[in-house]
Colleague: 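Once you've had a glance at the structure underneath, I'll fire off some questions.
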Amino acid sequence: MDLSTLNKEQKEAVTTTDGALLVLAGAGSGKTRVLTMRIAYLIEEKKISPYEILAITFTNKAAKEMRERVSSLIGAMAKNIQISTFHSFGLQIIRENCNLLGYDHNFVILDSDDTLTVIKRILKDLNLDPKTYNPNAIKNKISGCKNELMTPIGYERFATSDFEKVVLEVYKRYQKTLKQNNSLDFDDLLVLPIELFKEHPEILERYQDRYQYVLIDEYQDTNQAQYILSKMIAYKYKNICVVGDPDQSIYSWRGANYRNILNFEKDYKNAKTILLEENYRSTKTILEAANSVIKNNQGRKEKNLWSSKGEGDKITYYRAYDERDEAFYIIREIKQLLNRGIKEKEIAVLYRTNAQSHIFEEEFLKANLPFKIVGSIGFYSRKEIKDLLAYLRLIHNDKDNVSLMRIINVPKRGIGLKSIQNLIEKADKEGTSMYDAITSGKEAAFKNTIEDLKRVSENLTLTELVDKVLDTTGYRQELESEKTLEADIRLENLEEFKSITRAFEETYGVISLEDFLLETSLISDVEEYKDEKDRISLMTIHSVKGLEFDYVFVTGLEEGIFPHINSLMDKGGLEEERRLCYVAITRAREKLYLLNARKRMLFGKDQVNPASRFLSELDPTLIEAKQKEEPVEVKLDEKEYLHEEDVNYEVGEYVYHDVFGMGRVVEVSNTLVSIAFKAGVKKLMKNHKSIKKVEAE
DNA sequence: GGTTAGAGTATCTTC
DNA sequence: TACTCTAACC
């Protein structure tokens with residue numbers, strides 16, 4: 001194996017295979033390279049079976065990328081390595097042992113919306129006002145308990161205030177409800193394996209023997225449950241390698257404790273520590289900018305990150321008039337980059353909150369720039385998709401009261417709140433699920449529909465089942481008769497859902513409903529299934545962690561936005577925002593753009609925010625500032641690039657596009673048209689002037 | 001039981 | 001702004 005491309009420290013990190021190893025890897029120091037090479041080294045040089053390696057990443061995206069990169073080193077064997085997130089690893093353990101844990105194999109996983117619904121329901125049962133007892137706050141508190149491995153009984157002695165006592169009561173009921181519904185939440189995916197291992201040491205030992213080599217990425221972001229879980233698995237052989245960077249710890253709000261990484265040397269007595277301090281990613285300018293910001297955090301271990309790359313371009317700071325102007329500037333700049341031959345996939349636009357993405361989405365669409373929004377304003381949280389999934393889940397697990405309540409009256413069947421309340425009480429009295437409690441009335445017709453679907457589901461592919469559900473429930477019909485733009489989009493999304501099920505069927509052959517539901521429950525983003533290469537990425541800073549781009553635009557650098565208003569109260573929160581800023585800056589390889597707006601629409605009101613403090617922390621010599629003092633005429637006037645009258649297309653029609661060349665229409669909706677170009681399928685505005693119809697010969 | 005209007009509130013980040 | 005929830009009507 002060729003290790004000659006690695007520096008001394010990297011090489012050491014790759015070849016120190018036995019025992020505990022801590023790799024403190026600064027941003028861009030080749031961390032992923034080390035991890036993937038290490039796995040390849042274990043297999044090729046140390047002759048470790050791929051089955052004996054467990055690699056944990058933080059996101060699905062990172063897991064996917066790691067597998068690809070290992071695969072390019074060692075080929076097909078890579079698919080036998082367990083590379084997954086903590087949550088999907090936990091899910092796997094639960095699936096392999098669900099009977100011991102007291103769950104039926106057809107359990108379902110509730111997402112955070114579902115959990116919130118359950119909590120609201122419980123508050124209602126307890127006759128508590130959700131205004132006094134904020135359901136979201138309760139949810140977070142319960143999740144916090146679970147991540148600290150605190151059961152309701154354990155929480156009892158901490159619950160002293162009135163609010164905490166309510167949380168305790170809700171927590172107790174919440175656990176009971178989940179169990180009754182044969183369902184789990186995200187936190188259970190970590191908690192249950194730990195419980196299992198505590199009660200059944202022999203099972204733990206099986207996993208310890210199975211995974212003799214453990215690697216964990218982004219260790220600074222592990223919470224207590226994840227920390228304990230990894231410790232348990234690695235306890236017997238102690239071949240554990242953790243990689244991380246305390247300066248990039250940005251998940252404390254969900255229980256991550258960056259001290260886990262600082263305490264590693266205490267946890268493993270003979271642990272070896274390797275520092276990776278050479279940055280291969282960014283120009284000196286970018287790196288210095290990152291350093292000048294992060295050094296304002298107190299109580300951090302000083303690092304000496306350096307780059308052998310050149311100075312590079314200065315950082316561009318643009319102070320826009322408002323958020324639209326911010327988008328316009330980015331679009332103008334990107335167009336210039338593209339003209340210079342820069343690829344779309346090398347450009348990223350970052351923001352602090354998902355809400356900021358709207359304006360970019362809108363303007364990018366108008367400007368005809370190909371983009372993808374990566375992140376959690378997910379496809380899967382759309383109403384129609386959640387409804388469809390609720391049907392599928394109920395077909396799969398009729399104990400799932402949450403799903404049942406969601407769709408028993410969607411589309412309208414004349415089953416109102418009163419009937420549902422009655423059903424809940426009946427089920428409660430008889431000690432059954434709501435589904436089983438149905439015996440008569442309009443509800444019985446609904447039950448019949450589900451029974452039919454259950455029956456046919458055994459002989460249909462997943463995609464066929466989806467169609468069947470939409471047809472027999474009348475869901476599709478209802479949307480079709482609406483004839484509104486909104487209904488149109490919903491129908492389009494349901495079609496999109498089928499393209500996902502189809503993709504699954506292509507990858508796995510026949511996929512069972514069970515596998516599909518579990519597989520998708522951990523993925524919030526359709527983009528993770530697609531692999532379109534040449535698009536500009538728009539995403540939150542949290543989702544961009546672990547990725548890198550040549551050109552990076554960091555937007556919304558305003559007090560109240562970034563740093564976010566909720567973080568200004570305490571020092572810890574502010575320091576986490578600063579780490580977030582550090583992560584954002586260090587994503588860029590070649591050039592960094594920093595932007596903010598003088599005035600921004602927030603909750604329907606204009607707000608004027610001062611520039612972010614992070615900007616003033618930057619060394620001014622690294623920056624070239626531009627700003628717009630006065631509001632100017634909107635340059636990208638719609639008339640300039642849109643036809644006034646509607647243009648219509650038919651599937652199969654040929655068109656010519658100013659940038660993408662010849663293409664063929666593959667899909668048409670009310671406002672958009674999908675066209676297959678040589679460069680791939682693009683979704684464009686129908687009325688855009690850059691598209692011209694071409695008569696077929 | 002369904003519909004609608006008006007009020008109230010919220011978005012911070014994710015598996 | 002945009003969404004959700006509630007109360008009062010039909």
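Both backbone and side-chain heavy atoms feed into the values below; hydrogens, waters and symmetry mates do not.
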Colleague: Classify the nucleic acid contact of A/Phe86 as base, sugar-phosphate or nothing, counting any heavy atom under 4.0 Å across all strands shown.
Modeller: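 No contact.
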Colleague: Looking at A/Arg490, A/Arg406, A/Arg476, which one forms a salt bridge (charged side-chain N to carboxylate O under 4.0 Å, His left out) with A/Glu384?
Modeller: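 Among the candidates, only A/Arg490 passes.
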Colleague: Look at A/Thr540 and B/dT14 and indicate whether a side-chain polar atom (N or O) is within less than 4.0 Å of OP1 or OP2.
Modeller: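 Indeed, a polar side-chain atom of A/Thr540 lies that close.
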Colleague: If I take atom CG in residue A/Asp187 and atom P in nucleotide B/dT14, what distance separates them, rounded to the nearest angstrom?
Modeller: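 Roughly 16 Å, once rounded to whole Å.
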Colleague: Which nucleotide, B/dT11, B/dT14, B/dC12, lies nearest any side-chain atom of A/Ala355?
Modeller: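 Looking only at side-chain atoms, A/Ala355 lies closest to B/dT11.
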Colleague: Which of these nucleotides, B/dT14, B/dT11, B/dG1, is closest to any side-chain atom of A/Ser419?
Modeller: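 Out of B/dT14, B/dT11, B/dG1, the nucleotide with an atom closest to A/Ser419's side chain is B/dG1.
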Colleague: Within this structure, what is the CG-to-P distance between A/Leu184 and B/dC15, rounded to whole angstrom?
Modeller: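 The distance from CG of A/Leu184 to P of B/dC15 comes to 18 Å, rounded to the nearest Å.
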Colleague: Go nucleotide by nucleotide along DNA chain B from the 5' end; which of A/Ile420 and A/Thr85 gets its closest nucleotide reached first?
Modeller: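 Checking each residue's closest nucleotide, the 5'-ward one belongs to A/Ile420.
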Colleague: Between A/Arg413 and A/Ile408 (side chain of the first, backbone of the second, donor and acceptor by atom type, cut-off under 3.5 Å), is there such a pair?
Modeller: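 It does hold such a pair.
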Colleague: Using OP1 and OP2 only, check whether a side-chain N or O of A/Asn60 sits under 4.0 Å from B/dC15.
Modeller: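 No, A/Asn60 has no side-chain N/O under 4.0 Å of OP1/OP2 on B/dC15.
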Colleague: Per the side-chain contact (heavy atoms from CB on, under 4.5 Å) rule, which among A/Met539, A/Arg535, A/His358, A/Glu361 passes with A/Ile373?
Modeller: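 The residue from A/Met539, A/Arg535, A/His358, A/Glu361 that satisfies side-chain contact (heavy atoms from CB on, under 4.5 Å) with A/Ile373 turns out to be A/Glu361.
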Colleague: Quickly, which of A/Phe86, A/Tyr251, A/Phe89 forms a ring pair (Phe, Tyr, Trp, His ring centres under 6.0 Å) with A/Phe58? Name it, please.
Modeller: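 Only match with A/Phe58 under ring pair (Phe, Tyr, Trp, His ring centres under 6.0 Å): A/Tyr251.
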Colleague: Give a yes/no answer on whether the side chain of A/Ser543 brings an N or O atom under 4.0 Å of OP1 or OP2 in B/dT14.
Modeller: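 Yes, A/Ser543 has a side-chain N/O under 4.0 Å of OP1/OP2 on B/dT14.
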Colleague: Measure from CG on A/Asp113 to P on B/dT11 and round the result to the nearest Å.
Modeller: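 A/Asp113 atom CG is separated from B/dT11 atom P by 11 Å.
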Colleague: A/Leu602 CG to B/dA10 C1': how many Å, rounded?
Modeller: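 After rounding, the gap between these two atoms is 10 Å.
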Colleague: Quick one: A/Leu574 CG to B/dC12 P, roughly how many Å, whole number?
Modeller: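 Distance check: A/Leu574 CG to B/dC12 P gives 16 Å.
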Colleague: With a 3.5 Å distance limit and no angle check, can you tell me whether A/Glu326 reaches the backbone of A/Gly556 through a side-chain donor-acceptor pair?
Modeller: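 Side chain of A/Glu326 to backbone of A/Gly556: a pair is present.
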Colleague: Can you confirm whether or not the ring centre of A/Phe371 sits under 6.0 Å from the ring centre of A/Phe360?
Modeller: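 No: the rings miss the under 6.0 Å criterion.
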Colleague: Over how many whole Å does the gap from A/Asn354 atom CG to B/dT11 atom P extend?
Modeller: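 Those two atoms, CG and P, are 12 Å apart.
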Colleague: Encode nucleotides 1-10 of chain C as B, S and - characters from 5' to 3', where the letter depends on protein heavy atoms closer than 4.0 Å: B to the base, S only to sugar-phosphate, - to neither.
Modeller: B---S-----
Colleague: Any sub-3.5 Å donor-acceptor pair from A/Glu478's side-chain atoms to A/Tyr475's backbone N or O?
Modeller: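 Not a single qualifying donor-acceptor pair exists.
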Colleague: What is the distance, to the nearest angstrom, from the CH2 atom on A/Trp253 to the P atom on B/dT11?
Modeller: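 So the CH2-P distance, A/Trp253 to B/dT11, works out to 13 Å.
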Colleague: Rounding to a whole Å, what distance do you find between A/Met539:CE and B/dT13:P?
Modeller: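 So the two atoms are 15 Å apart, to the nearest Å.
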Colleague: Looking only at heavy atoms, which two atoms of A/Lys31 and A/Val243 are closest? And how far apart?
Modeller: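 Heavy atoms of A/Lys31 and A/Val243 come nearest at CG-CG1, 3.1 Å.
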Colleague: Can you check whether A/Asn223 has a side-chain N or O nearer than 4.0 Å to OP1 or OP2 of B/dC15?
Modeller: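 No, A/Asn223 has no side-chain N/O under 4.0 Å of OP1/OP2 on B/dC15.
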Colleague: Indicate yes or no for a side-chain donor-acceptor contact from A/Lys146 to the backbone of A/Asp187 under 3.5 Å, with no hydrogens or angles considered.
Modeller: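 Looks like no, no N/O pair under 3.5 Å.
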Colleague: Want to settle it: does A/Glu576 or A/Lys418 sit nearer the 5' end of DNA chain B, counting the closest nucleotide to each?
Modeller: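 By nearest-heavy-atom nucleotide position, the 5'-most residue is A/Lys418.
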Colleague: A/Lys412 has a side chain; which of B/dG2, B/dC15, B/dT11 sits nearest to it?
Modeller: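 Nearest to the side chain of A/Lys412 among the choices is B/dG2.
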Colleague: Of all of residues 558-571 of chain A, which get a heavy atom below 4.0 angstrom from DNA chain B, listed by number?
Modeller: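 Those residues are A/His564, A/Asn566.
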Colleague: One thing to verify: whether A/Arg95 and A/Glu514 come together as a salt bridge, which I'm taking to mean a side-chain N less than 4.0 angstrom from a carboxylate O.
Modeller: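 Salt bridge between A/Glu514 and A/Arg95, a charged N being under 4.0 Å from a carboxylate O: yes.
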